[in-house]
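So the structure is just underneath, and the comments pick up after that.
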Amino acid sequence: MTTIKAIRGMNDILPEHTPYWQRLESTVSGLLASYGYGEIRLPIVEHTELFKRSIGEVTDIVEKEMYSFDDRNGESLTLRPEGTAGCVRAAIQQGLLSVPQRMWYAGPMFRYERPQKGRQRQFHQIGVEAFGTATPDIDAELILLTARLWRLLGIDQHVTLELNSIGSSQARADYRAALVTWLSERREQLDEDSQRRLESNPLRILDSKNPDTQALLDNAPNLADFLDEESVADFARVCDLLDACGVSYTINRRLVRGLDYYNKTVFEWVTSELGAQGTVCAGGRYDGLVEQLGGKATPGIGFAMGVERLVLLIEAVGAQAPAPERADVYVVAVGDNAHRTALAAIEALRTALPELRVIQHVGGGSFKSQLKKADKSGAAVALIVGEDEAAAGVAGLKPLRGQGEQTQVALGDLAENVSNIVMQDITAT
RNA sequence: GUGGCCGUAGCUCAUCAGGUAGAGCACCGGAUUGUGACUCCGGAGGUGGCGGGUUCGAGACCCGUCGGCCACCCCA
């Protein structure tokens, strides 16, 4: 019998890690609510066409990374590789664009890539999108929101903000043409990857990791020189607002984004703590996307954070270590009658103290073995019921952590006694 | 898709010039009648990723394959 294993790059997130996820998620949703963003829940599967039209036909994501398959009726569907496309689709379809919208979503994304640190085939993003605002104040708002989030998560000392403007689509196209012309004359000086990108996605050559390529680019046409007036002014305003709020950033004139729909402001939050996949949050403006997907022309801007990467970072820098999950009370009951009596009393206890974490021992066993389990569980106290206690209507309460002796209490007074002892025990340790 | 390293008990790892496997932790039981932790004793658990090959004999050598990690690519 061969055991069935998870699909490569699609990982289980185990109980020892989920507390980090939960804390991240609750921090994010609280913060977003405070900025007036509402959660939208989107399908994981969309028409393949949606991604081709938004992300771009010639991007790596669309060309070789999508999980696509034919539905029973022959339509091509795709597990979403990112969230913006679906969010825009929903905004158009549901008529959400008549007024400015602030929305966020969270969930799994899928890309067929080779797994490595900080990159898997099923990964999770939290995305934030704002529609209907053309002015750069919304750009600044989104960035300020992320900066605040890093502070709340305790990782603000470990991430830096890179900022750029890639201009209007026209400016981008003009620059692209100039860059291609210039680089084509020096084609032999480019590494193999960049030669390929010259055809497929020339702007990506700008953030090549090859030092020789970077040196060559020092003399190449500069994107900043091609920007239209409005992009220049808006970018200056974004910087000005960030300055006013004390958010520091690096202007990286070679920062472009991989997805075709971006224009004007683009940004990335990066860390050096995670190896090669250091981008923890990234986004930008996409003023043409809504129209491109068939909606009324509406400006938009958004970003996405990689949840796995953020969790890795939080764990790596020791920030926000969640308290270990431990029980308050572990119920030891030996004998059928004792178990029956204890269970009824515990149910009443749960009603009286709904927050109390009570583990009822199951599976039988001796007093000794049950007490061992009680100890292992990390519980503050063991609640012990044997045949004698059951007959007398009492239970033993044995502190497992602090000092304190075992006491005997009436089953009817459990709630009061338990809460006292648990509190005592916790403060003692 | 490309490259490097790796794949032995649940976990972390060891062994050996090639002669059919061990430790620590974890788990289970016991050390006077119904009481955890520490200690002691005992136990269970591995067709050594899978498939071929070389050999009298391979976990150890060779090939293939699958999987893992990291990097390239790409991206959150």
Side-chain angles (χ1 to χ4, degrees), chain A residues 1-3 5-9 11 14 16 55 58-66 80-84 106-128 146 159 191-194 196-197 200-201 204-205 207-210 256-259 267-271 274-284 302-313 330 332-335 338 361 363 365-390 396-402 405-406:
Chain A
M1 194 80 144
T2 53
T3 57
K5 292 192 284 193
I7 295 167
R8 186 213 282 253
N11 299 327
L14 303 181
E16 73 176 294
I55 298 168
V58 298
T59 57
D60 276 29
I61 291 179
V62 169
E63 278 185 337
K64 50 192 190 194
E65 295 180 1
M66 294 205 302
R80 62 185 183 189
E82 58 100 44
T84 299
M109 308 291 164
F110 303 84
R111 292 181 200 170
Y112 189 87
E113 298 182 277
R114 196 74 172 260
Q116 70 182 72
K117 188 181 180 72
R119 193 178 71 186
Q120 39 283 126
R121 289 180 176 180
Q122 175 176 328
F123 61 103
H124 298 77
Q125 290 188 338
I126 299 172
V128 180
T146 55
V159 292
D191 59 89
E192 202 179 310
D193 282 327
S194 291
R196 182 174 48 73
R197 280 183 286 222
S200 62
N201 199 345
R204 295 294 294 179
I205 297 174
D207 52 20
S208 166
K209 287 179 183 173
N210 186 313
V256 293
R257 305 281 309 133
L259 284 55
F267 67 95
E268 279 189 20
W269 286 96
V270 297
T271 178
L274 296 182
Q277 309 301 326
T279 302
V280 116
C281 171
F303 65 84
M305 356 183 197
V307 179
E308 280 84 356
R309 291 180 184 180
L310 284 170
V311 169
L312 278 174
L313 182 56
Y330 192 99
V332 168
V334 177
H361 179 86
S366 64
F367 270 93
K368 183 191 276 288
S369 64
Q370 293 197 25
L371 257 302
K372 279 191 180 182
K373 292 280 167 50
D375 187 50
K376 288 268 164 52
S377 76
V381 302
L383 189 148
I384 302 169
V385 182
E387 295 295 354
D388 296 347
E389 287 87 346
L397 275 182
K398 181 184 180 89
L400 296 172
R401 308 294 149 208
E405 292 296 309
Q406 178 168 337

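Not measured: the values here are computed from a predicted model. To find a chain, count down the sequence lines: A is the first, B the second, and so on, and within it residues start at 1.
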Please report, rounded to the nearest Å, how far the P atom of B/rU35 is from the NE2 atom of A/His361. 15 Å
Any salt bridge between A/Asp375 and A/Lys372, counting N to O under 4.0 Å? no
Just to confirm, is there a sub-4.0 Å distance from OP1 or OP2 of B/rC74 to any side-chain nitrogen or oxygen of A/Lys64? no
Less than 4.0 angstrom between a side-chain N/O of A/Arg401 and OP1 or OP2 of B/rA37, yes or no? no
For the residue pair A/Arg111 and A/Phe123, establish whether any side-chain heavy-atom pair is separated by less than 4.5 Å. yes
Does A/Lys368 make a side-chain N or O approach to OP1 or OP2 of B/rG36 shorter than 4.0 Å? yes
Does atom OH (A/Tyr112) have a neighbourhood of more than 12 heavy atoms from anything else shown, all under 6.0 Å? no
So, OP1 or OP2 of B/rC27: does either fall under 4.0 Å of a side-chain N or O from A/Lys376? yes
Taking only side-chain nitrogens and oxygens of A/Gln116, does any of them come within less than 4.0 Å of OP1 or OP2 of B/rA71? yes
Does a side-chain N or O from A/Arg309 land closer than 4.0 Å to OP1 or OP2 of B/rA76, or not? no
What residues form a side-chain contact (heavy atoms from CB on, under 4.5 Å) with A/Pro115, not counting sequence neighbours? A/Arg8, A/Arg121
What is the separation between atom CE on A/Met305 and atom P on B/rA76, rounded to the nearest whole Å? 13 Å
Counting only side-chain N and O atoms of A/Lys373, is one of them less than 4.0 Å from OP1 or OP2 of B/rC28? yes
C1' atoms of B/rC25 and B/rG19, separation to the nearest Å: 31 Å
Side-chain heavy atoms of A/Lys373 within contact of A/Val332, under 4.5 Å: no
Tell me if the side-chain of A/Gln370 makes a donor-acceptor pair with the base of B/rG34, cut-off 3.5 Å, by modelled atom types. no
Applying a 4.0 Å non-hydrogen cut-off, can you work out what A/Gly118 is touching in the nucleic acid: base, sugar-phosphate, or nothing? base
For the residue pair A/Glu63 and A/Val58, establish whether any side-chain heavy-atom pair is separated by less than 4.5 Å. yes
Measure the distance from CD on A/Glu16 to C1' on B/rC11 and round it to the nearest whole Å. 11 Å
Protein-nucleotide distance (A/Ile384, atom CD1; B/rG36, atom P), rounded to Å: 10 Å
Under 4.0 Å, heavy atoms only, any strand: does A/Glu63 hit a base, just the sugar-phosphate, or nothing? nothing
Just how far, in rounded Å, is C1' of B/rC73 from CD of A/Glu192? 11 Å
A/Leu274 has an atom CG; how far is it from atom C1' of B/rA71, in whole Å? 15 Å
Salt bridge present between A/Glu268 and A/Arg257 (N-O < 4.0 angstrom): yes
Distance check, C1' atoms only: B/rA21 and B/rG59, in whole angstrom units. 8 Å
If only side-chain N and O atoms of A/Lys117 are considered, is one of them under 4.0 Å from the OP1 or OP2 phosphate oxygen of B/rC69? no
If you look at every strand shown and take non-hydrogen atoms under 4.0 Å, does A/Arg111 touch a base, only sugar-phosphate, or nothing? base
Polar atoms only, N or O, under 3.5 Å: list the protein pairs with nucleotides 1-10 of chain B and their distances.
residue : atom : partner  : partner atom : Å
B/rU2   : O4   : A/Arg114 : NH1          : 2.6

Expressed in angstrom and rounded to an integer, what is the separation of A/Gln406 atom CD from B/rG36 atom P? 11 Å
Can you tell me if CG on A/Leu14 sees more than 12 non-hydrogen neighbours from other groups inside 6.0 Å? yes
Starting at CG of A/Asn210 and ending at C1' of B/rC72, how long is that distance when rounded to a whole Å? 11 Å
